[in-house]
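Read the structure below first, then the notes.
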Amino acid sequence: MAAQEGSSPKYRRIADALKQAIAAGEFRPGDRLPGENDLMDRHGVARMTARQSLGVLTSEGLAEARKGAGVFVRDFQPIRRRGVPRLAREQWGQGRSVWAADVAERDLVVDAVTVDEEQASGDVAAWLGIAPGDAVTVRRRRFVLDGKPVCLSTSYLPAGLVAGSAITQPDTGAGGTYARLAELGAAPARFREEVRSRMPAPEEADRLRLPAGTPVLLISRTAMTADGRTVEANEMILDSSAYVLEYGFDA
């Protein structure tokens, strides 16, 4: 055991001790953690080592740095994203947002909504099964939960399909895009999602207010009609530290 501890960098051992203290309840959500000076005195380390140890906790989503105030135990409750029930027709078909399955009564704000008509790139065209250069309606928005940005979402839909509908407006109405597609005779009957992880681009990190070193989850979703026609392609960029992905299904 001693050999293992000795092989671990000192900043990592300090970070592990802080994590154990959080798990034991010595520091509660919202509590301020020992600062760099405290850690330097307590462990006899240089400032850079103390800073690195606190950086481990922020990069793992356990703590957040507040400018001029210190580092605090994160008090944001992770979102349990229920991948199957959130997309069920009983959800959006009855006028509820797919997000209602995830956030219940929490404060959700959708901001930075833009709706544009663009020419489909090669990748988007292949995704939707249309020709490159065909017109697509592009919906971009950011989701902010309890004051924290958690998701950037971009949807691509064939422009000819959704022309003149509420899908081309910032507010799509009760049930959202999928309810409007159903009204157009193009109700989604099947979804497919792919989940990947990567480091964020600078703009993504800025818009999601991510601490340095925090990766994002990239979820790519395709919505298809009963006859197999793709009616929406959606790319979501999620703060990985803000989510628990849950998938429940019958054996």
Side-chain angles (χ1 to χ4, degrees), residues 1-82 99 102-109 111-112 142-152 195-219 236-246:
M1 185 68 176
Q4 291 179 345
E5 290 180 353
S7 64
S8 178
K10 187 168 289 187
Y11 78 88
R12 176 66 67 175
R13 298 202 299 273
I14 297 172
D16 288 344
L18 289 171
K19 286 191 283 186
Q20 291 172 9
I22 293 172
E26 295 177 30
F27 298 106
R28 309 293 297 176
D31 285 352
R32 185 182 183 279
L33 291 170
E36 293 177 8
N37 290 337
D38 297 325
L39 294 176
M40 291 166 61
D41 292 340
R42 186 178 305 175
H43 298 280
V45 296
R47 183 172 301 279
M48 182 57 68
T49 300
R51 185 172 299 167
Q52 285 179 304
S53 65
L54 292 170
V56 169
L57 271 67
T58 57
S59 67
E60 293 181 1
L62 293 174
E64 59 182 357
R66 300 177 189 172
K67 190 172 182 179
V71 177
F72 295 77
V73 180
R74 194 170 186 175
D75 59 3
F76 180 82
Q77 179 184 352
I79 305 162
R80 186 165 292 274
R81 186 182 188 274
R82 297 172 171 85
W99 276 77
D102 301 334
V103 303
E105 301 303 318
R106 297 173 69 179
D107 181 24
L108 177 68
V109 174
D111 71 4
R142 182 176 71 165
F143 294 86
V144 181
L145 185 64
D146 297 338
K148 173 179 172 46
V150 294
C151 175
L152 306 175
V195 183
R196 290 174 284 163
S197 179
R198 61 168 171 79
M199 297 307 296
E203 180 187 5
E204 295 165 350
D206 182 61
R207 295 187 66 201
L208 290 171
R209 301 178 198 162
L210 298 177
T214 303
V216 292
L217 295 171
L218 179 65
I219 300 182
M236 292 155 280
I237 300 168
L238 286 62
D239 173 358
S240 62
S241 67
Y243 278 86
V244 174
L245 304 186
E246 176 183 307

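Residue pairs meeting the salt bridge (Lys or Arg N to Asp or Glu O under 4.0 Å) criterion with at least one partner in residues 38-48, sequence neighbours excluded, are E36-R47.
Using modelled atom types, one finds no donor on one side chain facing an acceptor on the other under 3.5 Å when comparing T58 with R74.
Ring geometry for W99 versus F143: interplanar angle under 30°, hence parallel rather than tilted (30 to 60°).
Salt-bridge check for E204 with R198: passed, with a basic side-chain N closer than 4.0 Å to an acidic carboxylate O. Remark: R81 does not engage D102 in a salt bridge, criterion side-chain N to carboxylate O under 4.0 Å. Ion pair D239/R209 not flagged as a salt bridge, since none of the NZ, NE, NH1 or NH2 atoms sits closer than 4.0 Å to an Asp/Glu carboxylate oxygen.
Between F72 and D31 there is no side-chain heavy-atom pair separated by less than 4.5 Å. You'll find the side chain of L57 reaches within 4.5 Å of the side chain of K19, heavy atoms only. For the pair D107 and L145, the minimum side-chain heavy-atom distance is 4.5 Å or more. Contact annotation: the side chain of L208 approaches that of P149 to within less than 4.5 Å [non-hydrogen atoms, C-beta and beyond]. Using a 4.5 Å heavy-atom threshold, the side chains of L18 and P34 count as touching. The side-chain heavy atoms of L245 and V195, taken from C-beta on, include a pair separated by under 4.5 Å. Counting heavy atoms from C-beta on, the side chains of I14 and L39 come closer than 4.5 Å. Side-chain contact between L33 and V73 is present, with at least one heavy-atom pair separated by less than 4.5 Å.
Under the 3.5 Å distance criterion, the side-chain polar atoms of S240 are matched with a main-chain donor or acceptor of P215. Under a 3.5 Å cut-off, the side chain of R32 and the backbone N or O of V71 do not form any donor-acceptor pair. For R80 (side chain) and Y243 (main-chain N/O), no donor-acceptor pair under 3.5 Å exists by modelled atom type.
Residue R66 places its CZ atom among more than 12 non-hydrogen atoms of other residues, nucleotides or ligands, all under 6.0 Å distant. Counting heavy-atom neighbours within 6.0 Å of M48 CE, excluding the residue itself, gives a total of 12 or less.
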